[in-house]
Structure formats: C-alpha cells, structure tokens
Amino acid sequence: MTDNDRFAMLVGVSTYDSDAYRDLPPVRADLHYMRAVLEKTEIGMYNDCATVAEPTRAEMLHAVETFLNARQPSETALLYFSGHGEFCEDDNQLYFLTRDTDPGDLPGTAVPAEFLERMLQSCRAASKLVLLDCCSSGSVVQGWTAKGPAEERARPAPSTLLRPTGVYFITASDALQSASAMAPEGSSLGTSRFTGEIVEGLRNGRIKEGGWITPDDLFEYLTAQMRRDGVPEEQRPTKSTIRATNQLPFARSVARPVHLPVPPRDAAETARRSPALLKARELAALDARDGVDWERLLTYYAHCLTAQSAAGMRPDRDSGRGSKYFLLGQGEETIQSGRGAVFPAPGTLPKPQGRAAGASGGGTGAQQEYWYG
C-alpha cells in the first residue's frame with residue numbers, strides 16, 4: 001500500500017443559524033480526534049484529511065463534489081459527517097443540515113442524500129467508506145415507509161443509495177432514531193458516542209488484535225460496545241455494503257495505546273481556514289455572483305415533473321394525451337441547448353382550429369401553442 005492512495009474528507013456542523021436546531025459542541029471534538037487517528041501513520045495512514053467545519057449548504061455541496069471528483073481508480077475515499085440529520089417525509093429523503101439550513105425549506109437549504117448518491121456514483125475511487133454520525137442516518141441506506149392514512153397500505157420507498165458500487169456505509173443510528181451526543185463511558189475526549197467509540201477503539205487497539213481493520217471489524221466492535229453499554233437497539237450503528245467486493249483496509253490495529261494531541265486553542269479558527277473549506281467558499285461565491293443555484297433549480301424542476309405526472313397533466317404522445325402538441329423532429333436538439341432560436345415545424349403538424357383558422361382560409365396568421373420536447 002502506497003502512502004498516497006488513502007484520502008478522507010471530514011465534514012462537521014456544530015452551530016446553526018436557526019433557533020430550531022440546538023448547537024452540537026461535541027462535533028468540534030469529533031472533527032479534531034477523527035482527523036488525528038486517521039492521519040496517524042500507525043493507525044489510519046491517510047493523507048492530510050480535508051476538514052470542512054461549519055459549512056453552509058453551498059459550501060458543503062462544493063466541498064464534497066470537489067473531493068469525490070478528484071479521486072482516482074487506485075485510491076480509497078473516506079467521507080465522514082458529524083452534525084444534525086433530518087428525515088423529510090414529504091420526499092422520503094434524509095437531509096444533512098448545514099449552518100444556514102432553514103427548517104421550513106429542507107430541500108432548498110440542506111444537503112440531500114440524493115446528492116451524495118450522485119457524487120458516489122461518479123466517484124472513481126476503487127473503495128468508498130462513508131461514516132455518518134447524525135440523527136436518522138440509517139435512512140440513507142434503508143428503505144422508508146411513508147406515513148399516511150390508516151386505510152392506505154404504505155409502500156416502502158427504495159433506498160436512495162443502493163446503486164453506487166464499492167461503497168460501505170456505517171451510520172450512528174437507524175432510520176428513525178437520534179444519534180447520541182454523549183461521549184463513550186470512560187472517555188474524556190468530549191466527542192459524541194459514535195465517533196468517540198471509533199476514536200477510542202482505534203487509538204487503544206481494541207477493535208482487533210493486530211493487522212488491518214476492515215469496516216466489518218469496525219461495525220462489529222461498535223455494535224458490541226453499544227450493546228455492552230445498554231444502548232437501545234434502534235440507536236446502535238447500522239451498516240450497508242454496496243458491491244464492496246474487496247476487504248477495504250480502514251485502519252491498522254495498534255499494539256499499545258497511541259497519544260492524541262488535544263485540540264489547540266485556536267482550533268475553530270484553524271478549521272475555518274482549511275484549504276477545502278476556502279475552496280468550497282470560493283466556488284459558492286461564484287455561484288452567488290451568477291445568481292444560479294443549480295442544485296435547487298434541478299430539484300424544483302424534478303418536483304414540478306413529479307406533480308404533473310401525479311395529476312395526469314403531463315403530455316404523453318404514446319397514449320394520445322396532448323399528442324397534437326408535440327414537435328418532435330430528427331437530428332440534434334437545438335432549442336434548449338441554445339444552438340437555435342426556431343424549430344421548423346413538421347409538414348404533418350395539425351392546423352389550428354377555430355374561427356381564426358376558418359376566417360383566414362387555411363390558417364394564415366392563426367396561432368396555436370405546441371409542445372417541444
């Protein structure tokens with residue numbers, strides 16, 4: 001294993017603009033100590049971990065996209081998130097809350113699991129490990145049964161993250177439960193329980209006796225620790241393996257405890273100056289200057305199409321509904337791509353109907369609306 005094929009990005013949100021979300025002080029310790037064990041040559045052997053602390057929605061989107069897009073087929077990518085997570089029943093989706101999240105508009109101000117799905121699908125890394133320390137994190141890999149009237153038979157919606165390949169997820173809780181912010185028993189690090197168990201297990205060599213620790217080893221250790229401490233089953237970690245064909249080496253087991261440095265006094269300020277966050281902030285500023293939030297715009301379009309389809313309003317040429325309004329031609333698309341401003345109507349196009357058409361003797365000057373698609 002070379003010294004340059006293991007990369008990690010750690011994202012954490014401890015403070016929120018909205019009073020609806022309580023601050024999470026343990027997240028700051030989570031980021032510090034997770035980075036410390038991953039960068040230790042005796043343990044994680046990861047390159048300098050990219051840390052993104054207290055991001056806005058736009059900054060988190062850009063940071064995650066930049067990190068995953070940069071990975072190569074020979075590399076391992078680890079993505080970690082600590083903060084609030086919230087499941088939205090309106091669209092059956094988990095959202096990762098950012099500093100500027102508005103509880104009244106999760107789709108427009110939080111990061112959806114669907115975004116993570118697309119980024120993982122396109123990421124070229126041979127192995128991808130995702131650690132989620134947030135409430136309802138299990139819903140990112142588990143089906144969800146939407147609530148409805150008692151007489152309705154609710155159907156589980158398929159997972160949003162069951163299509164990527166080579167991905168291993170470990171989450172802090174199941175689909176419905178909150179994740180514990182309490183530190184593990186006997187730990188003085190000030191972390192959350194899930195992250196603290198990982199850090200303590202790695203730095204004390206408790207997860208496995210010698211050799212490389214796999215995600216399976218880590219999950220079994222976390223489950224045993226939670227069971228021993230009497231943590232309710234629904235608040236214990238969940239896992240999902242998605243075509244991870246090889247045993248991903250997560251970290252090394254140490255023979256003796258390893259000392260980890262305490263967070264520096266200016267840890268918060270240092271985190272705000274991290275290269276990954278500064279780059280994401282620069283890209284977010286460019287978006288704001290252009291006045292386009294593509295993620296939100298595409299989500300809006302998807303919701304419109306879904307609503308049209310549910311209401312039976314969307315034209316369907318094959319079924320005959322609205323077929324006379326379709327202008328479907330051969331060759332390259334020109335209108336939406338901006339390569340042309342007009343579309344030559346097919347000769348078989350139905351003529352306009354009505355008094356205007358009759359008065360003009362064949363339709364000259366009459367207008368009719370047509371769909372182009």
Side-chain angles (χ1 to χ4, degrees), residues 9-31 34 50-65 67-68 79-120 130-142 144 159-161 169-182 191-195 235 237-238 268 271-272 274 276-277 280-281 284 287-288 293 295-296 299-300 303:
M9 170 165 280
L10 314 179
V11 181
V13 186
S14 68
T15 59
Y16 300 82
D17 296 341
S18 172
D19 293 336
Y21 304 118
R22 72 181 192 282
D23 289 346
L24 298 173
V27 169
R28 293 189 283 272
D30 289 346
L31 289 179
M34 183 64 80
T51 304
V52 180
E54 319 301 344
T56 62
R57 175 184 186 271
E59 290 166 356
M60 181 173 169
L61 290 171
H62 280 296
V64 172
E65 181 176 8
F67 171 72
L68 292 178
L79 185 62
Y80 166 88
F81 175 79
S82 179
H84 280 306
E86 185 172 336
F87 194 90
C88 179
E89 295 186 37
D90 292 340
D91 58 4
N92 291 338
Q93 181 142 206
L94 171 69
Y95 285 90
F96 305 104
L97 309 190
T98 54
R99 177 163 50 87
D100 59 342
T101 293
D102 176 357
D105 182 18
L106 290 181
T109 61
V111 175
E114 183 271 337
F115 164 78
L116 187 59
E117 172 192 15
R118 288 189 285 107
M119 291 300 100
L120 287 167
V130 181
L131 303 175
L132 301 177
D133 192 351
C134 62
C135 298
S136 303
S137 51
S139 63
V140 80
V141 290
Q142 295 177 355
W144 173 263
S159 163
T160 57
L161 286 175
F169 295 91
I170 300 181
T171 70
S173 65
D174 73 10
L176 298 175
Q177 292 296 319
S178 60
S180 175
M182 297 170 52
T191 63
S192 65
R193 181 185 292 276
F194 177 77
T195 299
Q235 289 187 331
T238 68
R272 283 193 287 267
S274 71
L277 180 57
R281 188 167 295 158
D287 281 353
D293 184 340
E295 191 75 24
R296 190 171 185 179
T299 299
Y300 169 73
H303 287 169

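These values consider heavy atoms only, across backbone and side chains, with no hydrogens, waters or symmetry-generated copies.
A donor-acceptor contact shorter than 3.5 Å is absent between the side chain of Arg57 and the backbone of Val111. A donor-acceptor pair is defined here as one N or O able to donate and one able to accept, closer than 3.5 Å; no such pair exists between the side chain of Asp23 and the backbone of Pro25. Checking side-chain atoms of Gln93 against main-chain N and O of Glu114 turns up a donor-acceptor pair under 3.5 Å. With Thr109 contributing its side chain and Thr101 its backbone, the two residues share no donor-acceptor pair below 3.5 Å. Panel note: side chain Glu86, backbone Leu94; no donor-acceptor pair is recorded below 3.5 Å.
Evaluation of the side chain to side chain contact (heavy atoms under 4.5 Å, CB included) rule for Ser14 yields Val27, Arg28, Glu54 as partners, not counting sequence neighbours. Tyr16 is linked by a side chain to side chain donor-acceptor pair (under 3.5 Å) to nothing, counting only residues two or more places apart in sequence or in another chain. Scored by the side chain to side chain donor-acceptor pair (under 3.5 Å) test, Ser18 finds no partners at all (sequence neighbours excluded). Remark: Arg281 engages Glu59 in a side chain to side chain donor-acceptor pair (under 3.5 Å) (not counting sequence neighbours). Taking the side chain to side chain donor-acceptor pair (under 3.5 Å) definition, one finds that His84 meets it with nothing, sequence neighbours left out. Considering only residues two or more places apart in sequence or on other chains, Phe81 meets the ring pair (Phe, Tyr, Trp, His ring centres under 6.0 Å) condition with Phe96.
Met34 pairs in a side-chain contact (heavy atoms from CB on, under 4.5 Å) with only one of the listed residues (Asp133, Thr195, Thr51), which is Thr195. Test Leu132, Asp30, Val130 against Tyr80 for side-chain contact (heavy atoms from CB on, under 4.5 Å) and you get one pass: Asp30.
For the atom pair Leu131 CG and Leu10 CG, the distance stands at 9.0 Å (nearest 0.5 Å). Glu65 contributes atom CD, which lies 8.0 Å from atom CZ of Arg118 (distance to the nearest 0.5 angstrom). Atom CG of residue Leu116 and atom CE of residue Met60 lie 7.5 Å apart, to the nearest 0.5 angstrom.
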Could you go step by step and tell me if Asp17 and Arg99 meet the side chain to side chain contact (heavy atoms under 4.5 Å, CB included) rule? CA-CA 6 Å; Asp17 296 341; Arg99 177 163 50 87; 3.6 Å; yes
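A donor atom on one side chain and an acceptor atom on the other are not found under 3.5 Å apart for Thr56 and Asp100.
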